[in-house]
Amino acid sequence: MPELPEVETTRKSLEPLLHQRLESVTVHHAGLRWPVPESIHSLEGHSLQAIQRRAKYLIFQLDHLQLLIHLGMSGSLRLTDPSEPKRKHDHLIFRFEQSELRFHDPRRFGCVLLHPSPLTQKLLGTLGPEPLEGGFDADHLWQQLQRRSASVKSVLMDNAVVVGVGNIYATEALFTAGIHPARPANTVTHSEAQRLTDAIRQHLNTSIALGGSTLKDFVNARGENGYFQQTLSAYGRKGLPCMRCQTSLQELRIAQRASCFCPECQPLAIDSFIEK
DNA sequence: CGAAACTCCTGAGCGC
DNA sequence: TGCGCTCAGGAGTTTC
């Protein structure tokens, strides 16, 4: 699933398209998260000037027009030779001068939209700060956590608080910071918020440095797990020994999402963490 | 306003 | 070999 590091890696990998002219757009399946607009064809004939990322959105600047793409749960963008046969779930094909860009998304949770529009302005307008930029720090996070009684994990995953922290990074950051995922957000101390902030940045930066290795679904030609998956300490490790204390990891469902944690390293009871 | 449930979708994994 | 089931989950929408 594309997390922020995968989206950033995708952005960088598409730089060969810069300054190429978009010859045509072919829509094979318009039924994404929102319908692909007919006006997508207005991009034809324009040249790609820049590719930016905001949260998990990619924004393609084509002269004065902007294309907004979100990869959802299962989306990917691939540069291919035009002679390569279309794969199942290749929903859009952007034909540039030198190569083709194909939007592939089996689950169709992604979207391809022209920006700005009322919808895209709403989508981008409610986003919180980027986790790797200056607007995100312990003060900001702590203030946001203070006003919420929901679990700290669900607040971390709220895009209005900070963008780009999905289930994997929230799970890992909470483990690293030693905070139980079900802790009410407003019980998190400022120093814990500092640890969380540091852990979120650390995990995102590490993953970007590894090229945003695909996580759960990735298996290489020899059937081995992806490298980044082997660096995970908590996500998907229910029943396995904690890498710190060997205690068996447990799993909760928080806001409909699997949440693994170490009951020793991430205590929930108040007296447990006050002693430390 | 916040919180929690619900929704979209397909492929993988499993039991039979 | 294949059927039916469950699960995975980003994030907008709905309901309270």
Side-chain angles (χ1 to χ4, degrees), chain A residues 1-8 10 28-36 53-58 68-77 87-92 103-113 115 117-131 143-174 181-188 200 204 207 212 214-220 223-226 229 232 234-239 251-260:
Chain A
M1 66 209 72
E3 297 275 344
L4 188 144
E6 283 73 31
V7 178
E8 181 60 20
T10 297
H28 290 288
H29 197 317
L32 305 181
R33 181 75 168 82
W34 293 280
V36 177
R53 179 187 60 74
R54 174 71 173 109
K56 294 179 188 171
Y57 293 94
L58 288 170
L68 186 77
I69 294 183
H70 194 292
L71 299 176
M73 294 290 303
S74 59
S76 60
L77 287 167
R87 293 187 302 170
K88 190 178 181 184
H89 307 303
D90 280 348
H91 303 313
L92 285 96
F103 177 84
H104 178 90
D105 186 9
R107 293 181 205 176
R108 287 188 272 129
F109 281 13
C111 65
V112 178
L113 297 167
H115 177 67
S117 71
L119 173 59
T120 64
Q121 285 179 318
K122 186 179 170 190
L123 295 176
L124 297 181
T126 54
L127 296 175
E130 288 288 326
Q143 282 174 19
Q144 295 292 314
L145 293 171
Q146 282 292 102
R147 349 190 263 116
R148 305 279 294 268
S149 60
S151 68
V152 57
K153 179 160 179 271
S154 60
V155 176
L156 282 183
M157 293 174 65
D158 182 345
N159 274 337
V161 173
V162 59
V163 301
V165 181
N167 198 31
I168 291 166
Y169 293 100
T171 298
E172 292 298 299
L174 287 162
R183 279 264 301 277
N186 54 18
T187 69
V188 172
I200 288 166
L204 289 173
S207 184
T214 307
L215 304 165
K216 192 179 174 68
D217 300 331
F218 181 76
V219 179
N220 73 12
E224 297 160 343
N225 289 328
Q229 185 177 31
L232 295 176
Y235 180 84
R237 301 195 72 244
K238 175 187 180 183
E251 184 180 278
L252 279 175
R253 291 201 76 78
I254 297 173
Q256 276 92 282
R257 270 144 193 86
S259 307
C260 286

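Below, read A as the first sequence line, B as the second, and so on, with proteins coming before strands; counting in each chain starts at 1. Keep in mind it's a predicted model, so treat the numbers as computed, not measured.
- A search for ring pair (Phe, Tyr, Trp, His ring centres under 6.0 Å) contacts involving Tyr57(A) returns His70(A), not counting sequence neighbours.
- A pairwise comparison of heavy atoms in Ala234(A) and Thr171(A) identifies CB-CG2, 3.8 Å as the closest pair.
- Considering only residues two or more places apart in sequence or on other chains, His28(A) meets the ring pair (Phe, Tyr, Trp, His ring centres under 6.0 Å) condition with none of them.
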>> Could you walk me through whether Val7(A) and Leu58(A) satisfy the side-chain contact (heavy atoms from CB on, under 4.5 Å) test, starting with their C-alpha distance in whole Å, then the side-chain angles of each, then the deciding distance to 0.1 Å, before giving a yes or no?
In response: CA-CA 7 Å; Val7(A) 178; Leu58(A) 288 170; 3.8 Å; yes

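- Residues satisfying the side chain to side chain donor-acceptor pair (under 3.5 Å) criterion with Arg54(A), sequence neighbours excluded, are Glu130(A).
- At a threshold of 4.5 Å between non-hydrogen side-chain atoms, the residues Leu232(A) and Glu172(A) count as touching.
- What separates CD1 of Ile168(A) from C1' of dG10(C) is a distance of 12 Å, to the nearest Å.
- Taking every heavy atom of residues 147-159 of chain A and every atom of DNA chain B, pairs under 4.0 Å involve Arg147(A), Arg148(A), Ser149(A), Ala150(A), by number.
- Rounding to whole angstrom units, CD of residue Glu3(A) and C1' of dA8(C) are separated by 12 Å.
- Within the 4.0 angstrom heavy-atom criterion, base atoms lie near Arg257(A).
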Identify every side-chain donor-acceptor pair in residues 151-160 of chain A under 3.5 Å, counting partners at least two apart or on other chains, and give the distances.
| from | atom 1 | to | atom 2 | distance (Å) |
| --- | --- | --- | --- | --- |
| Ser151(A) | OG | Ser154(A) | N | 3.2 |
| Ser151(A) | OG | Ser154(A) | OG | 2.9 |
| Lys153(A) | NZ | Asn167(A) | OD1 | 2.5 |
| Lys153(A) | NZ | Ser259(A) | OG | 2.8 |
| Ser154(A) | OG | Ser151(A) | O | 2.9 |
| Asp158(A) | OD1 | Ala160(A) | N | 2.8 |
| Asp158(A) | OD2 | Arg148(A) | NH1 | 3.1 |
| Asp158(A) | OD2 | Arg148(A) | NH2 | 3.4 |

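- Taking both residues in full, the closest heavy atoms of Ser74(A) and Pro106(A) are given as O-CD, 3.4 Å, listed atom of the first, atom of the second, then distance.
- Pro131(A) meets the side chain to side chain contact (heavy atoms under 4.5 Å, CB included) test with Leu4(A), Phe136(A), Val162(A), Val163(A), Ile200(A), Leu204(A); sequence neighbours excluded.
- Applying the side chain to side chain contact (heavy atoms under 4.5 Å, CB included) rule to Gln143(A) yields no partners; only residues at least two apart in sequence or on another chain are considered.
- We find that CG of Leu252(A) is positioned 14 Å from P of dG9(C), with the value rounded to whole Å.
- The side-chain heavy atoms of Val36(A) and Phe103(A), taken from C-beta on, include no pair separated by under 4.5 Å.
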Atom pairs, protein N/O to nucleotides 13-15 of chain C N/O, distance under 3.5 Å:
| from | atom 1 | to | atom 2 | distance (Å) |
| --- | --- | --- | --- | --- |
| dT13(C) | OP2 | Lys122(A) | NZ | 3.1 |

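- At the phosphate of dG9(C), OP1 or OP2 sits under 4.0 Å from a side-chain N or O atom of Tyr235(A).
- Judged by closest nucleotide on DNA chain B, Gln256(A) is the one of Gln256(A) and Lys88(A) placed further toward the 5' end.
- Legend: residues meeting side chain to side chain donor-acceptor pair (under 3.5 Å) with Ser117(A), ordered by chain and number and at least two apart, are Thr120(A).
- In this structure, Cys111(A) and Arg33(A) approach most closely via the heavy-atom pair CB-CB, 4.1 Å.
- You can call Phe109(A) stacked on the base of dG10(C); the centres are under 5.5 Å apart and the planes sit within 30°.
- Helix bend of the helix from dG2(B)-dC16(C) to dC16(B)-dG2(C): the angle between its two end axes, each built from five pairs, comes to 40° after rounding to 10°.
- Among the protein residues, Ala255(A) comes within range of no part of the nucleic acid, since none of its heavy atoms lies under 4.0 Å from any strand.
- Look at His70(A) and you won't find any side-chain N or O under 4.0 angstrom from OP1 or OP2 of dG10(C).
- Between Cys260(A) and Arg237(A), the shortest heavy-atom distance links the atoms SG-N, 3.8 Å.
- His115(A) approaches Leu124(A) most closely through the heavy-atom pair CE1-CD1, 3.6 Å.
- Nearest heavy-atom pair, Ser207(A) versus Glu6(A), reported as atom, atom and distance to 0.1 Å: OG-OE2, 4.4 Å.
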>> Across nucleotides 2-7 of chain C, 5' to 3', mark each nucleotide with B, S or - according to how protein heavy atoms within less than 4.0 Å reach it.
In response: ------

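- Of all nucleotides in DNA chain B, those with any atom nearer than 4.0 Å to a heavy atom of chain A start and finish, going 5' to 3', at dG2(B) to dG11(B).
- The distance between atom CE of Met73(A) and atom P of dA11(C), rounded to the nearest whole Å, is 9 Å.
- Backbone-only engagement by Leu123(A) is indicated by non-hydrogen atom pairs under 4.0 Å involving sugar-phosphate atoms exclusively.
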